[in-house]
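Encoded as structure tokens, the structure appears first; notes follow it.
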Amino acid sequence: MIYQPRILIIDDEPLMRISITDALVAEGYQVLGVESGREGIDFISKDNYDIIITDLKLPEVDGIEILKTALKQSPKAKVIMITAYGSVDTAVEAMKQGAYDYITKPFSMDELLIVVRHLIEFRRLEYENTMLREKIDEKYAFEGIIGNSSKMEEVLEKVKIIADSASTVLITGESGTGKELIANAIHYHSARRDNSFIKVSCAALPETLLEAELFGYEKGAFTGALKQKKGRFELANNGTLFLDEIGEISPAIQVKLLRVLQERQFERLGGTETLSVDVRIICATQRDLKKEVKNGMFREDLYYRLNVVPIHIPPLRERQEDILLIANNFIKKFSAQNNKHIEGISPEAKDMLINYPFPGNVRELEHAIERAVILGNDNYIQPKDLPDDIHKFYDDSTTLSAMVAYAEPLSKAIDHFEREYIIKALEESKGNKTAAAEKLGISRKTLWEKCKGHGLEKTAKVESH
Ligand SMILES: Nc1ncnc2c1ncn2[C@@H]1O[C@H](COP(=O)(O)OP(=O)(O)OP(=O)(O)O)[C@@H](O)[C@H]1O
Ligand SMILES: [Mg+2]
């Protein structure tokens with residue numbers, strides 16, 4: 001939307017009023033000129049103006065009255081007073097009461113135009129900022145997070161409640177469930193939204209680099225530290241720091257982080273100056289941090305510092321009602337991007353999507369739909385447009401259901417199923433028994449015994465190397 005400034009001129013001298021109006025219209029502004037203070041007040045009460053230019057001395061209702069009305073009815077409007085030479089004192093008084101500026105008669109039109117242009121430029125920037133803000137808000141607003149399952153509504157409700165506080169948030173959820181999207185939403189709905197939102201992926205960097213990245217360093221702190229560098233904590237001051245994949249940080253960094261969380265203070269690497277920061281921390285992890293604490297991999301004290309507000313995003317398979325809703329949104333997005341006209345999803349493909357467990361969650365669904373939109377040559381997405389992983393899932397399940405042919409007693413069928421299931425777990429963990437046992441939710445010892453029982457010792461043993 002283009003910003004169109006509106007100006008109201010109130011002056012009882014026709015010549016003055018008309019020449020100002022003409023000069024401002026020539027600049028491209030929307031201008032309305034009126035001859036009495038009463039009329040002026042009428043218009044101010046009915047409409048919004050960016051600038052009000054008024055003669056200070058008017059019969060009946062004067063410039064001060066107009067200023068008072070404007071301040072009350074249209075607080076965003078800026079009032080410029082025109083005063084006669086000799087009544088500067090009154091003009092100064094008007095400024096004290098809230099007028100933006102005054103100009104003394106006689107004046108050249110250029111003088112007035114400079115004041116107006118300056119003001120308009122300022123208002124335009126202000127306006128553009130608001131528009132930009134709204135756009136960003138829209139991008140990260142809850143509307144950008146699709147889902148109407150009760151589980152997702154619960155998550156969003158919590159986000160709304162806690163966004164504005166400064167509490168540390170721990171977002172958990174499987175890969176691709178939307179942890180980063182939620183972190184964005186929290187920042188952009190908090191009072192900190194005009195300040196920085198700094199992200200650090202803790203898994204992407206080795207320990208020493210991560211430390212330097214988080215806390216910064218002084219010149220000469222280590223080989224290659226040619227000049228001082230600010231860390232992410234400093235850059236996020238007054239804003240939000242998003243520590244992604246927090247479960248991956250080393251014990252040494254855990255200690256340092258704990259101190260910042262407790263004291264909001266730290267030193268740059270190689271530095272002696274203690275820096276204080278005001279940073280809101282949001283962390284995310286796919287890991288079960290509580291379990292990591294039990295296993296001694298994650299400090300318990302740090303866990304409690306981070307887990308002040310826990311937000312768990314359930315996997316897509318636990319909120320099937322969101323699948324088609326999200327899929328349809330992605331169809332719109334990717335159709336527009338690729339100039340395709342896909343209208344929806346065929347009933348067969350719908351069935352396949354709803355019942356597929358989506359190990360990669362929303363990201364996997366997003367990629368599946370993007371691919372289907374690009375490949376599809378029908379108005380509706382067909383099963384053949386869906387990726388191999390989805391087809392493979394159904395092929396495998398068919399094998400399983402084919403196995404259950406009611407040809408054997410239940411105990412035998414269960415036995416059969418267990419054997420197949422264990423083989424699959426071993427295959428998927430590439431023979432790693434510990435991983436397979438974890439997948440199956442049993443101990444290594446139980447797995448070993450079951451393998452023996454099913455005649456799978458060899459498989460388990462050979463492949464475990
Ligand atoms: N509810 C949702 N509505 C719309 N898009 C979503 C939703 N949840 C996730 N997405 C989209 O799915 C993709 C993955 O989301 P995101 O990166 O936030 O997940 P993540 O949990 O951080 O993943 P990872 O664990 O792999 O880092 C993004 O493109 C994101 O925009
Ligand atoms: Mg992520």
Side-chain angles (χ1 to χ4, degrees), residues 135-160 163 169-189 197-205 210 213 232 240-249 281-289 291-292 298 306-307 309-338 345 353-354 356-374 386-387 389-390:
K135 259 200 198 136
I136 293 176
D137 277 356
E138 225 170 76
K139 188 163 169 211
Y140 295 111
F142 303 115
E143 302 89 71
I145 304 171
I146 303 151
N148 63 0
S149 60
S150 54
K151 286 192 174 170
M152 219 42 212
E153 264 167 20
E154 251 172 57
V155 168
L156 294 182
E157 199 47 45
K158 201 161 180 186
V159 168
K160 268 183 216 162
V169 181
L170 177 63
I171 308 172
T172 53
E174 288 178 13
S175 160
T177 41
K179 297 185 290 295
E180 191 165 337
L181 203 60
I182 294 284
N184 270 311
I186 296 175
H187 174 74
Y188 286 103
H189 277 80
F197 181 55
I198 304 279
K199 297 179 193 181
V200 185
S201 174
C202 299
L205 298 167
L210 178 61
E213 205 52 48
R232 304 283 173 108
T240 306
L241 182 64
F242 176 43
L243 300 173
D244 202 2
E245 303 185 68
I246 190 79
E248 313 304 313
I249 61 172
I281 297 186
I282 304 178
C283 313
T285 182
Q286 294 182 26
R287 288 181 188 260
D288 179 348
L289 278 195
K291 210 159 137 195
E292 303 283 309
F298 205 86
L306 297 178
N307 198 36
V309 178
I311 295 185
H312 178 70
I313 313 179
L316 204 49
R317 64 180 172 280
E318 284 178 18
R319 42 184 169 110
Q320 282 178 323
E321 57 270 57
D322 287 344
I323 294 177
L324 293 182
L325 194 71
I326 297 178
N328 280 316
N329 266 279
F330 285 141
I331 290 179
K332 274 196 209 124
K333 174 176 150 189
F334 293 118
S335 292
Q337 268 178 24
N338 296 288
I345 312 169
L353 287 175
I354 293 173
Y356 177 66
F358 283 103
N361 294 292
V362 185
R363 186 181 295 109
E364 187 180 1
L365 175 60
E366 185 173 7
H367 290 162
I369 298 294
E370 183 175 12
R371 180 181 182 278
V373 166
I374 293 171
L386 297 176
D389 281 345
I390 299 187

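The structure displayed is predicted, hence computed values, not measured ones. Read the numbers this way: they start at 1 and go in the same order the structure lists the ligands and their atoms. Counting begins at 1 with the first residue of the sequence.
Using cut-offs of 30° and 60° on the angle between ring planes, the pair F334 and F330 is tilted.
Judged by the shortest distance from any of its heavy atoms, A284 lies outside the 4.0 Å radius around the atoms of ligand 1. The closest approach between any non-hydrogen atom of G176 and ligand 1 is below 4.0 Å. Using a 4.0 Å heavy-atom cutoff, G147 is absent from the residues neighbouring ligand 1.
Considering all non-hydrogen atoms of both residues, I282 and A183 come closest at CD1-O, 3.7 Å. In this structure, N148 and D322 approach most closely via the heavy-atom pair N-OD1, 2.9 Å. Here the shortest heavy-atom pairing between R363 and S175 reads NH1-OG, 3.7 Å.
For K179 (side chain) and E174 (main-chain N/O), a donor-acceptor pair under 3.5 Å exists by modelled atom type.
Shown in contact with I145 at under 4.0 Å from a heavy atom are these atoms of ligand 1, numbered in order with element: 1 (N), 3 (N). Within ligand 1, counting atoms from 1 as listed, the ones closer than 4.0 Å to a heavy atom of G144 are 3 (N), 4 (C).
For T172, the side-chain hydrogen bond (donor to acceptor under 3.5 Å, both in side chains) test picks out H312, with sequence neighbours left out. With sequence neighbours excluded, the residues satisfying salt bridge (charged side-chain N to carboxylate O under 4.0 Å, His left out) with E292 are R287.
Nearest protein heavy-atom contact of atom 10 (N) of ligand 1 is V362 CG1, 3.3 Å. The protein non-hydrogen atom at the shortest distance from atom 20 (P) of ligand 1 is K179 N, 3.4 Å. The nearest protein atom to atom 17 (O) of ligand 1, hydrogens excluded, is given as R363 NH2, 3.3 Å; this is a heavy-atom distance. Ranking protein heavy atoms by distance to atom 22 (O) of ligand 1, first place goes to E180 N, 3.2 Å. Nearest protein heavy-atom contact of atom 19 (O) of ligand 1 is G178 N, 3.1 Å. Nearest protein heavy-atom contact of atom 1 (N) of ligand 1 is I146 O, 2.8 Å. Closest to atom 28 (C) of ligand 1 among all protein heavy atoms lies E366 OE1, 3.6 Å.
For the residue pair N361 / T177, no side-chain donor-acceptor distance below 3.5 Å is found, with atom types taken as modelled.
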Starting from the C-alpha separation in whole Å, work towards a yes-or-no answer on side chain to side chain contact (heavy atoms under 4.5 Å, CB included) for M152 and I313. CA-CA 7 Å; M152 219 42 212; I313 313 179; 4.2 Å; yes

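Taking OG from S149 and CD from E321, the interatomic distance works out to 5.0 Å, rounded to the nearest 0.5 Å.
Here E245 has no heavy atoms under 4.0 Å from ligand 1, in either its backbone or its side chain.
Among the atoms of L181, some N or O lies under 3.5 angstrom from an N or O of ligand 1. Between M152 and ligand 1, not a single N/O pair is under 3.5 Å apart.
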